[in-house]
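One structure below.
Just so it is clear, the values below take in all heavy atoms, side chains as well, and ignore hydrogens, waters and symmetry mates.
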Amino acid sequence: MSTYVYGITARSHPALPDGMTGVGEPPLPVRVLTAGDLAAVVSDAPEGLRPKRRDLLAHQNVLAEAGAAGCVLPMRFGSVADSDDAVVQVLGDRSQHYLERLRELDGKVEYNIKATHVEDAVLHQVMAENAELRSLAEANRRAGGGGYDDKIRLGEMVAAAVKAKESEDAAEVRAALEPAGAALSVGPESTGWLVNLSFLVARDTAEQFLAAVEQVRDSHPHLDLRVNGPLPPYSFVEPGPAEPAGSTAGADAGAQ
């Protein structure tokens, strides 16, 4: 049977609670595999695994329980290896790398920051900042809305101004928050988000990081800024001894 991998930790990590279960229906028992100074938190892998809410939450709960007692390198949901032996083999082969990452990530968590424009607010701002746009809009208004070409030109100019504002705002958010984190991972671009950044933050500086986020909110009221965290540091762990099971099962268990 294949092996589902939740995360990697030190062999000296405190024992997990008795009777702990993870993914699957019914939930499968969680166990620990060891190799040298490392351990992997695993269970049997259920067949036909898909990112259903129950299993996503089970994955996160195992990591939360293990992470409460010490540093864990989290694997993304759906990470499955061929067997227990395959997991142990990779732990042995990459032991130095994993031990270094455990030392680096000890006491740190991830915060994911996403942002979009508040449409009415950003339109008001680009008009206020661009005299040419205001002049053309006023000319169209005086002409009863303007001709077809005038409307097209105004629409294109507004769209270009908003696009430029997206790039400007994304750079400003990154510049404001990057000094407050220990490391930064840029997330994949997706429709609707102008910012998708993950920050590695020391637990004892989390309040300062969140205060920096609030300062960005105050200074950029035309942004809808969303914070997800604290999370296990998914974005700062290289692929582990398993691969996502199927094209949809490798979703980030922590991302929103």
Side-chain angles (χ1 to χ4, degrees), residues 51 76 108-202 205-238 247-248 250-256:
R76 294 179 184 270
K108 297 182 177 71
V109 293
E110 176 175 332
Y111 283 90
N112 177 256
I113 307 296
K114 289 185 172 70
T116 59
H117 273 151
V118 178
E119 186 174 355
D120 289 344
V122 75
L123 287 175
H124 178 79
Q125 184 161 356
V126 298
M127 294 297 290
E129 294 175 350
N130 192 311
E132 185 179 3
L133 282 180
R134 293 197 305 276
S135 177
L136 181 56
E138 177 60 20
N140 284 359
R141 186 190 65 79
R142 289 197 304 267
Y148 175 79
D149 289 342
D150 292 329
K151 291 178 181 179
I152 292 295
R153 180 177 175 229
L154 178 61
E156 290 175 344
M157 290 177 64
V158 168
V162 170
K163 187 69 175 177
K165 193 66 177 170
E166 288 180 355
S167 298
E168 177 184 327
D169 286 333
E172 290 178 358
V173 171
R174 176 170 177 166
L177 298 182
E178 194 165 5
L184 168 67
S185 176
V186 179
E189 294 183 5
S190 61
T191 303
W193 302 115
L194 62 95
V195 169
N196 182 10
L197 302 172
S198 290
F199 294 88
L200 186 66
V201 178
T205 66
E207 287 188 8
Q208 293 95 306
F209 178 80
L210 294 174
V213 173
E214 289 305 313
Q215 289 179 353
V216 172
R217 277 202 177 104
D218 291 342
S219 61
H220 294 71
H222 59 287
L223 288 181
D224 178 9
L225 202 63
R226 304 185 187 185
V227 181
N228 189 24
L231 303 168
Y234 292 101
S235 300
F236 303 91
V237 178
E238 293 181 13
S247 59
T248 62
D252 185 341
Q256 295 290 325

Notebook entry, point to check: Under the side chain to side chain donor-acceptor pair (under 3.5 Å) test, which residues partner Gln125, sequence neighbours left out?
Noted result: Glu129, His222
Check: Who are the side chain to side chain donor-acceptor pair (under 3.5 Å) partners of Glu132, not counting sequence neighbours?
Finding: Arg153
Distance check, rounded to the nearest 0.5 Å: [X] atom [atom1] versus [Y] atom [atom2]?
X: Leu177; Y: Leu210; atom1: CG; atom2: CG; value: 10.0 Å
X: Phe199; Y: Leu231; atom1: CZ; atom2: CG; value: 13.5 Å
X: Glu168; Y: Leu194; atom1: CD; atom2: CG; value: 11.0 Å
X: Lys163; Y: His117; atom1: NZ; atom2: NE2; value: 10.5 Å

Answer yes or no: is there a side-chain heavy-atom contact under 4.5 Å between [X] and [Y]?
X: Leu223; Y: Asp169; value: yes
X: Ile113; Y: Phe209; value: yes
X: Ser198; Y: Tyr111; value: no
X: Leu225; Y: His220; value: no
X: Thr116; Y: Lys114; value: no
X: Asn112; Y: Tyr234; value: no
X: Arg174; Y: Val186; value: yes
X: Ser235; Y: Arg76; value: yes

[X] versus [Y], closest heavy-atom pair with distance:
X: Pro221; Y: Val118; result: O-CG2, 4.4 Å
X: Pro233; Y: Glu110; result: C-OE1, 3.2 Å
X: Ala170; Y: Val195; result: CA-CG2, 3.7 Å

Note to self: My understanding is that only residues two or more places apart in sequence, or in another chain, count here; which of them pass side chain to side chain contact (heavy atoms under 4.5 Å, CB included) with Val158?
What the structure shows: Leu123, Met127, Leu133, Leu154, Val162
Margin query: For Gln208, is the CD atom crowded, meaning more than 12 foreign heavy atoms sit under 6.0 Å from it?
Written below: yes
